[in-house]
Amino acid sequence: MRFTALLFDLDGVLVDTAKYHYIAWKALAEELGIPFTLKDNERLKGVSRQRSLDIVLEIGGVDKTPEEREALCTEKNERYLSYIRKMEPEEILPGVREFLTEARRQGYKIALGSASKNARLILDRLELTDLFDAIVDGYMVTQAKPDPEVFALGGRLLGAQPSQCLVFEDSVAGIQAAHAGGMTAVGIGTREDLPEADLVLPGFAGATMEDIEKKLLAISR
Ligand code: B16
Ligand code: MG
């Protein structure tokens, strides 16, 4: 076993919260008279709440004071939370629970590495919290991906060296963060979207760590 620690991004890897972020940002953008599309929403993935608001305001060419920005972030988050509080375990992406359960059984340590300040609430709603040895969320880091901070802290909390850490990520910035931290990155999505990933999987349905380790070993030879 080359890897001892598995680090998971949340949105887009374990669950699709992007759709709730989209509904909440779109409602806010509409109030401000800013057009906001699903394509625009792609730019917010993996990005912090404050930076997401900056992007929305940039799209509309709208300027706001720091106080107004703070209030808008709060408003967006309240709307987002109204959906998150109603999430059900059925919303976990296919194969994720089985993959985490089996990896734990095999002795891998597991951490979350998310930019979201709502990460703990989401894991609780999905009844996934008990499967994690460590949780790093948006409250615990100051630098956003592609800075490696979120994964470096996760690896440390699991007692693993970077070379022993395998990161699962759906965003380009997240893959770059893993690499900047000296870790190996599995992209969840398509090779076209994640060209820098060491390996790409469409999702966790049918995935096993044996298979992933074997494929990564073959590539590194
Ligand atoms: P919150 P991840 C990220 O989660 C989302 O992809 C991103 O769209 C969001 O703005 C960010 O969390 C902050 O979320 O407003 O809940 O603090 O992909 O890093 O798990
Ligand atoms: Mg993500």
Side-chain angles (χ1 to χ4, degrees), residues 6-29 36-59 69-85 87 91-93 96 100 110-126 128-129 132 134-154 167-178 181 185-190 193-194 196-197 200-204:
L6 309 182
L7 307 173
F8 294 83
D9 173 50
L10 178 61
D11 176 31
V13 171
L14 306 181
V15 67
D16 177 20
T17 44
K19 61 183 178 215
Y20 301 125
H21 282 297
Y22 175 62
I23 296 170
W25 283 122
K26 190 164 177 66
L28 189 85
F36 186 72
T37 64
L38 263 175
K39 193 158 172 280
D40 295 324
N41 196 56
E42 285 300 307
R43 293 175 59 193
L44 310 188
K45 289 188 176 174
V47 167
S48 74
R49 198 180 307 163
Q50 285 71 17
R51 179 68 196 128
S52 297
L53 175 67
D54 291 344
I55 294 172
V56 172
L57 295 177
E58 258 167 51
I59 291 169
R69 282 170 196 254
E70 185 72 40
L72 289 170
C73 276
T74 303
E75 184 188 334
K76 181 270 170 179
N77 194 50
E78 283 306 318
R79 197 175 267 123
Y80 175 66
L81 280 175
S82 70
Y83 294 96
I84 295 305
R85 289 195 190 102
M87 282 180 91
E91 295 183 53
I92 300 169
L93 289 173
V96 164
L100 291 173
I110 295 177
L112 188 82
S114 169
S116 174
K117 291 184 169 167
N118 298 303
R120 283 172 189 270
L121 170 66
I122 296 168
L123 288 187
D124 281 349
R125 289 298 315 166
L126 299 177
L128 283 178
T129 309
F132 286 82
I135 295 172
V136 180
D137 65 13
Y139 286 108
M140 297 165 75
V141 292
T142 53
Q143 303 300 313
K145 301 167 188 173
D147 188 282
E149 188 182 10
V150 65
F151 294 130
L153 181 55
V167 171
F168 294 87
E169 251 294 346
D170 71 316
S171 73
V172 170
I175 301 285
Q176 290 170 344
V186 177
I188 302 299
T190 65
D193 289 340
L194 303 169
E196 296 171 44
V200 176
L201 298 178
F204 289 97

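Both ligands and their constituent atoms are indexed starting at 1 by order of listing. Any value given below was found using the heavy atoms of this structure, including those in side chains, with hydrogens, waters and symmetry copies removed.
The heavy atom nearest to atom 11 (C) of ligand 1, out of those in D137, V136, V47, is found in V47. Nearest to atom 18 (O) of ligand 1 by heavy-atom distance, out of N41, D9, L44, is D9. Considering each of L81, L121, N77, D11, the one bringing a non-hydrogen atom nearest atom 4 (O) of ligand 1 is D11.
In this pair, F8 and F168 present their aromatic rings parallel. The plane angle is below 30°, not in the 30 to 60° band.
Taking a 4.0 Å cut-off on heavy atoms, G138 fails to register as neighbouring ligand 1. Residue G12 places every heavy atom at 4.0 Å or more from ligand 1. Not a single heavy atom of R51 lies less than 4.0 angstrom from ligand 1.
No hydrogens or angles considered: a donor-acceptor pair under 3.5 Å links the side chains of T37 and D40.
The two residues R69 and L53 come nearest to each other via the heavy atoms O-CD2, 3.4 Å. Annotation for K117 and Y139: closest pair O-CE1, 3.2 Å, computed over non-hydrogen atoms. When every heavy atom of I84 is checked against every heavy atom of R125, the shortest pair comes out as O-CG, 3.5 Å. Of all the heavy atoms in A119 and D137, the pair that sits closest is CB-CB, 3.8 Å.
For the Mg ion (ligand 2), the count of nearby protein N, O or S atoms, meaning those under 2.8 Å away, is 3.
For the pair K145 (side chain) and A173 (backbone), a donor-acceptor distance under 3.5 Å is absent. A donor-acceptor contact shorter than 3.5 Å is absent between the side chain of Q176 and the backbone of P146. A donor-acceptor contact shorter than 3.5 Å links the side chain of E149 to the backbone of T142. Checked by atom type and distance alone, the side chain of D11 pairs as donor or acceptor with a backbone atom of A18 at under 3.5 Å.
Of the polar atoms of S114, at least one N or O is found under 3.5 Å from an N or O of ligand 1, judged by distance alone. For ligand 1, the polar-atom distance check against Y80 finds no nitrogen or oxygen pair separated by under 3.5 Å. At under 3.5 Å, a nitrogen or oxygen of S116, whether backbone or side chain, sits near a nitrogen or oxygen of ligand 1. Residue L10 has at least one nitrogen or oxygen atom sitting less than 3.5 Å from a nitrogen or oxygen atom of ligand 1, judged on distance alone.
Close contacts between ligand 1 and N118 involve ligand atoms 1 (P), 16 (O) [criterion: under 4.0 Å to a heavy atom]. Ligand-side atoms of ligand 1 in range of S52: 10 (O), range being under 4.0 angstrom from any heavy atom. Per-residue contacts place K145 under 4.0 angstrom from the following atoms of ligand 1 (heavy atoms of the residue considered): 19 (O). Those atoms of ligand 1 with a heavy atom of K45 less than 4.0 angstrom away are 6 (O), 8 (O).
Distance from atom 19 (O) of ligand 1 to its nearest protein heavy atom, with residue and atom name: A115 N, 2.8 Å. In this structure, atom 15 (O) of ligand 1 lies nearest to the protein heavy atom R49 NE, 2.7 Å.
Among the candidates Y22, W25, Y20, the single residue satisfying the side-chain contact (heavy atoms from CB on, under 4.5 Å) test with Y80 is Y20. Checking K76, R79, K45 one by one against H21, the side-chain hydrogen bond (donor to acceptor under 3.5 Å, both in side chains) holds for a single residue, K76.
By the neighbour-count criterion of 12 heavy atoms within 6.0 Å, atom CD of E70 is sparsely surrounded, having that number or fewer from other residues, nucleotides or ligands.
Residue K117 touches ligand 1 through backbone and side chain together, judged by heavy-atom distances below 4.0 Å.
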*Any chance you could lay out the side-chain contact (heavy atoms from CB on, under 4.5 Å) test for I188 and F204, step after step, and finish with the verdict?*
CA-CA 8 Å; I188 302 299; F204 289 97; 3.8 Å; yes

